[in-house]
Number of protein chains: 2
Amino acid sequence: MEITRKAPIGRPRGFDADEALEQAMMVFWEQGYEGASLTALTGAMGITRKSMYAAFGNKEELFRKALERYTEGPAAYAARALEKPSAREVATAFLAGSVSTTTRPGCPAGCLGVQGSLAAGDSGRAARDALIAWRDDGRDRLRHRFQRAVDEGDLPPGADPELLARYIMTVANGIAVQAAGGATRSELQEVADAALRNWPPV
Amino acid sequence: MEITRKAPIGRPRGFDADEALEQAMMVFWEQGYEGASLTALTGAMGITRKSMYAAFGNKEELFRKALERYTEGPAAYAARALEKPSAREVATAFLAGSVSTTTRPGCPAGCLGVQGSLAAGDSGRAARDALIAWRDDGRDRLRHRFQRAVDEGDLPPGADPELLARYIMTVANGIAVQAAGGATRSELQEVADAALRNWPPV
DNA sequence: AAACTTAGATACCGATCGGTGCAAAACAAA
DNA sequence: TTTGTTTTGCACCGATCGGTATCTAAGTTT
């Protein structure tokens with residue numbers, strides 16, 4: 001069949017693009033968008049600048065793809081938390097996931113979605129804005145989940161899904177900052193527990 | 001009197017060093033340590049590179065001095081909060097100050113102590129570590145204040161000053177991240193209120 | 001085999017990075 | 001004024017920034 005095509009024409013690339021992207025994610029995670037130079041990135045990825053540009057576009061697109069990978073990998077706890085049966089379990093799992101991901105041995109301390117770029121010069125604006133959108137998206141999902149909980153009677157009628165979502169996101173962001181500063185997993189889990197102690201209904 | 005000296009010898013500098021430092025602080029606040037270029041800094045300060053180096057040393061020392069100024073200016077709410085008569089008022093004032101400083105019109109959104117440098121490349125490591133120490137210092141002061149509150153019976157005997165300090169600092173850090181992402185003052189004050197709803201004794 | 005297409009390595013691009021050398025200018029002390 | 005000291009403006013430093021041109025190697029297709 002002329003429709004089937006098992007291999008693309010031309011010389012096949014000599015590296016695993018997924019593995020290279022994983023390494024790029026780690027560098028962005030550890031050094032931030034502006035702090036991660038192409039030399040550091042391609043060095044960790046094990047490929048040349050030219051191969052990186054051919055496979056991923058440019059530094060900004062590489063960052064976006066690394067962020068996608070982060071979302072599906074280290075930050076997948078968020079999607080899993082949203083599927084918990086009750087709002088309380090959603091909040092608990094979200095914060096617990098945040099704690100464990102920001103303090104995982106072998107990975108940079110903190111959260112790529114926070115320290116990737118909070119404040120930036122002109123060259124980092126796009127990355128910063130992408131991360132703002134990323135965090136907003138996470139908050140939106142929490143809000144919709146909590147709204148559903150209100151609708152289902154899982155949360156009291158007076159509960160404010162918008163506020164609850166922002167509250168959980170704020171604590172998670174704070175946990176990320178604390179982790180970047182060297183806080184340990186158990187210290188942060190205690191903070192997460194404390195933050196949930198007033199979960200409605202109190 | 002040969003002791004008195006009204007003017008230093010040599011040509012007097014043609015700019016106000018305090019005012020220049022204030023402007024440098026604003027640039028670091030908005031763009032972060034790595035994102036703030038010497039061109040942007042000296043441009044905002046209204047002086048040349050040479051004058052900046054003569055007056056402040058280098059970029060790293062300028063950042064340290066800008067951070068000191070930030071501590072005594074925009075972040076002075078922290079020291080004021082620590083002087084409140086009760087632990088509850090300390091916590092309330094600390095978070096309220098955090099909210100108002102990170103969302104002050106005319107100033108960059110967020111907190112210099114957080115977004116100045118969370119993750120950095122080699123050139124920004126010193127600034128990042130300085131900010132970690134800065135946040136640790138703030139947490140230490142909160143912890144000592146809460147320990148005093150326990151000793152004085154202002155907090156219940158079972159209260160954990162270490163945990164309470166880290167909890168408040170975590171929420172403040174989260175507020176800073178949220179503010180950097182465009183959250184409004186009233187939204188964040190609601191979050192601060194929610195975070196204090198389970199203040200001991202519950 | 002030849003023709004075609006793409007990956008990889010090297011060397012390089014202009015721009016910008018943080019930081020300086022130099023000489024004119026502006027003040028105090030003499 | 002003369003001398004000494006410091007600031008200032010400008011040009012410039014080597015290094016690194018993100019991004020590319022070029023040529024060769026390694027595959028597929030015909």
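These figures come from a predicted structure and were not determined experimentally. Chain naming here is simple, since letters A, B, ... match the order of the sequence lines and numbering starts at 1 in each.
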- Task: Give a yes or no on whether a donor-acceptor pair under 3.5 Å exists between the nucleobase atoms of D:dT22, that is its base, and the side chain of A:K50.
- Result: yes

- Task: Give the rounded distance in Å between these two atoms: CE of A:M45 and P of C:dA9.
- Result: 14 Å

- Describe the nucleic acid contact of A:S123 in one word from base, sugar-phosphate, nothing, applying a heavy-atom distance below 4.0 Å. nothing

- Message: Without decimals, in angstroms, what is the distance between A:L38 CG and C:dA15 C1'?
- Response: 14 Å

- Task: For C:dT10, take OP1 and OP2 only and decide whether either is under 4.0 Å from a side-chain N or O of A:T48.
- Result: no

- In whole angstrom, give the distance that lies between atom CZ of A:F15 and atom C1' of D:dA25. 16 Å

- Query: Would you say the side-chain atoms of A:Q31 pair up with the backbone N or O of A:A40, donor to acceptor, closer than 3.5 Å?
  - Reply: no

- Rounded to the nearest Å, what distance is computed from the CZ atom of residue A:F63 to the P atom of nucleotide D:dG19? 14 Å

- Taking atom types as they are modelled, is there a donor-acceptor pair under 3.5 Å from the base of D:dT6 to the side chain of B:R11? no

- Message: By the definition salt bridge (charged side-chain N to carboxylate O under 4.0 Å, His left out), identify the one residue from A:R135, A:R141, A:R139 that meets it with A:D137.
- Response: A:R141

- Write down the distance between CZ (A:F56) and P (C:dA7), rounded to a whole number of angstrom. 12 Å

- Note on the structure: Smallest heavy-atom separation, B:G35 atom then A:E34 atom, equals CA-OE1, 3.5 Å

- Mapping B:G46 and A:E34 to their closest nucleotides on DNA chain D, which lands nearer the 5' end? B:G46

- Closest listed nucleotide, where the reference is the side chain of A:R13 and the choices are D:dC17, C:dG18, C:dA7: C:dA7

- Item | Taking every non-hydrogen atom, the tightest pair across B:T101 and B:W29 | O-CZ2, 3.8 Å

- Message: I need the CG-C1' distance between B:N58 and C:dC17, as an integer number of Å.
- Response: 14 Å

- Find which nucleotide of DNA chain C each of B:G57 and B:S37 is nearest to by heavy atoms, and output the residue with the more 5' nucleotide. B:S37

- Message: Nearest to the side chain of A:A54, heavy atoms from C-beta on, is which of D:dT20, C:dA7, C:dT20?
- Response: C:dA7

- Within the pair A:S51 and C:dA7, is there a side-chain N or O less than 4.0 Å away from OP1 or OP2? no

- Whole-Å distance, A:Y53 OH to C:dC12 C1', equals 14 Å

- So what does A:A40 touch, heavy atoms closer than 4.0 Å: a base, only the sugar-phosphate, or nothing? nothing

- Query: Does A:K59 place a side-chain N or O at less than 4.0 Å from the phosphate oxygens OP1/OP2 of D:dG18?
  - Reply: yes

- Note on the structure: Taken to the nearest whole Å, CE/A:M52 to C1'/D:dG19 is 9 Å

- Query: Does B:K65 NZ have over 12 foreign heavy atoms under 6.0 Å away?
  - Reply: yes

